[in-house]
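Report on the following structure.
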Amino acid sequence: MNTGVRITAFAAALAATFGTAYGVGKGVGPVGEPAKAGHGEHAAAQPQKEDEGAHAGHGEGSAEGSAPAAEIPGGLQVSEGGYTLAMETPVPAAGESVLKFSIKDASGRKVTAFTTEHGKELHFIVASRDLDTFRHLHPVKAADGTWTTPVDLPAAGGYKAFADFKPAVPGAKGITLGVDLSVPGAYAPKPLPTVAPTSTVDGYRVRLGGTLNPGRAGELRLTVTKGGKPVTDLEPYLGAYGHLVALRDGDLAYLHVHPNEGGPGPDVSFTATAPSPGTYRLFLDFQHKGTVRTAAFTVTAGGATVAPGAGTVGDASGAPVPAAGGAMHDAGGHTHG
């Protein structure tokens, strides 16, 4: 084979390899519905309706006769679809700090127009790499497209920030971008709290039922009680009675879902699909009597969602609070003012 032929054959093989790696993943949607397109698709694709599943979608789309190729989950890339999460404060200090960032387009210009979803133009999440700390923040946008938000990062170490948004352009889809943050100082990561069916925060007890399935939709049902009585007057928060974020242990792949139709408690139901087997940390925001609280759970996809034993959560200050019969850990539960 001459040199020209060999180069041509190599190029063809390389293109085939990358074509397979860029396969589309499987969408998150209600049980029994077809898979929906997710974040990995570019803005030129058909828009996804907001109620058609999680912001960080996963889908199916491989060559005929081959195994499905998983799409990159949300939050693992700093740039996607021509948009980039640009941090102006990549090294915040421990304790009270201020974060500044922007979303830039393919030309490097700051984006100023976003589609309002669930009451906000952009949702901003910060979590520690050991999943001990979780913050759901609501930054303020300046006229030039710079976002600013205060944040409390309790300890030194690695964190990850997620920007969840939809550009206000025709055909745009929701995008979740992620970027690493580093807080200087001595770092001692904490072990992941035990898989458990209950979480307690500020006197509220939340029980988790259902399964988180890798590659297919499953229902997660969370029941809120206080003093042994069901809480039947949950208040809307970001346009829903609950707001759930799941982060995969290890790489912090981001899965953001919203509740199924239902009343104001005590049950809040979600439909979610895990991008892979593994351990995940679930953070449920719910509002009652004017205050937003966060209940946290450790779950396993590809195995039992809940198991015998006790879980733990943190109180509003981040101090460790044991669940019934459980060991003391700080699981990042917090209260919003």
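Remember, it's a predicted structure, so these values are computed and weren't measured experimentally.
Under the 30°/60° scheme for interplanar angles, the aromatic rings of Phe286 and Tyr204 are found to stand perpendicular. Ring orientation note: the planes of His136 and Phe134 are nearly perpendicular, at an angle over 60° on the 30°/60° scale.
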side-chain contact (heavy atoms from CB on, under 4.5 Å) between Asp202 and Thr291, intermediate numbers included: CA-CA 11 Å; Asp202 291 349; Thr291 300; 5.6 Å; no

Stepwise side-chain contact (heavy atoms from CB on, under 4.5 Å) check, Leu252 with Leu131: CA-CA 8 Å; Leu252 273 64; Leu131 294 176; 4.0 Å; yes

Working for side-chain contact (heavy atoms from CB on, under 4.5 Å), residues Phe124 and Val151: CA-CA 11 Å; Phe124 196 68; Val151 63; over 6 Å; no

Residues Asp180, Arg129; criterion side-chain contact (heavy atoms from CB on, under 4.5 Å); working and verdict: CA-CA 9 Å; Asp180 289 330; Arg129 277 283 173 182; 2.5 Å; yes

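Formation of a donor-acceptor pair under 3.5 Å by the Arg221 side chain with backbone atoms of Asp267 is not found in this model. Glu235 contributes a side-chain N or O that, together with a main-chain N or O of Gly290, makes up a donor-acceptor pair within less than 3.5 Å. For Thr298 (side chain) and Pro193 (main-chain N/O), a donor-acceptor pair under 3.5 Å exists by modelled atom type. In terms of modelled atom types and a separation under 3.5 Å, the side chain of His288 and the main chain of Arg293 share no donor-acceptor contact. In terms of modelled atom types and a separation under 3.5 Å, the side chain of Lys160 and the main chain of Gly75 share a donor-acceptor contact. Under the 3.5 Å distance criterion, the side-chain polar atoms of Thr89 are matched with a main-chain donor or acceptor of Lys100.
Inter-residue side-chain proximity for Ile103 and Ile175 is flagged as unmet; no heavy-atom pair is nearer than 4.5 Å. Contact of the Pro236 side chain with the Tyr241 side chain is registered, since non-hydrogen atoms from C-beta on lie closer than 4.5 Å. By the 4.5 Å heavy-atom criterion applied to side chains, Val179 and Pro90 are not counted as neighbours. By the 4.5 Å heavy-atom criterion applied to side chains, Pro139 and Phe101 are counted as neighbours. Looking at heavy atoms from C-beta onward, Lys289 lies out of side-chain contact with Val231 at the 4.5 angstrom threshold. Between Ser199 and Leu208 the shortest side-chain heavy-atom distance does not fall below 4.5 Å. Side-chain contact check for Pro154 versus Arg135: some heavy-atom pair is nearer than 4.5 Å. At a threshold of 4.5 Å between non-hydrogen side-chain atoms, the residues Leu255 and Tyr280 do not count as touching.
In terms of heavy atoms, Ala155 sits closest to Val183 at O-CG1, 3.8 Å. The shortest heavy-atom contact between Val126 and Ala161 is CG2-CB, 4.2 Å. Between Pro214 and Gly302 the shortest heavy-atom distance is CD-N, 3.3 Å. When every heavy atom of Pro92 is checked against every heavy atom of Ser97, the shortest pair comes out as CB-OG, 3.6 Å. Across all non-hydrogen atoms, the minimal contact from Arg207 to Thr198 is NH2-CG2, 3.4 Å. Nearest heavy-atom pair, Gly218 versus Asn213, reported as atom, atom and distance to 0.1 Å: CA-ND2, 3.5 Å.
Atoms OG1 and CG, from Thr112 and Asp144 in turn, are 9.0 Å apart once rounded to the nearest 0.5 Å. From Glu219, atom CD reaches atom CG of Leu212 across 12.5 Å, with rounding to the nearest 0.5 Å. The distance from the OG1 atom of Thr279 to the CZ atom of Arg248 is 11.0 Å, given to the nearest 0.5 Å. Taking CG from Leu137 and OG1 from Thr148, the interatomic distance works out to 12.0 Å, rounded to the nearest 0.5 Å. For the atom pair CZ (Phe162) and CD1 (Ile125), the distance works out to 8.5 Å, reported to the nearest 0.5 Å. With values rounded to the nearest 0.5 angstrom, His123 atom NE2 is found 10.0 Å from Thr176 atom OG1.
Inspection of the Ser269 and Asn260 side chains reveals an N or O donor paired with an N or O acceptor under 3.5 Å.
For Lys110, the NZ atom is densely surrounded, since the number of other residues' heavy atoms within 6.0 Å is greater than 12.
Hydrophobic clustering (ILVMFWY, side-chain heavy atoms < 4.5 Å, transitive): Leu177 and Val169 are in one cluster.
No close placement of the Phe165 and Trp147 rings is indicated, their centers lying 6.0 Å or farther apart.
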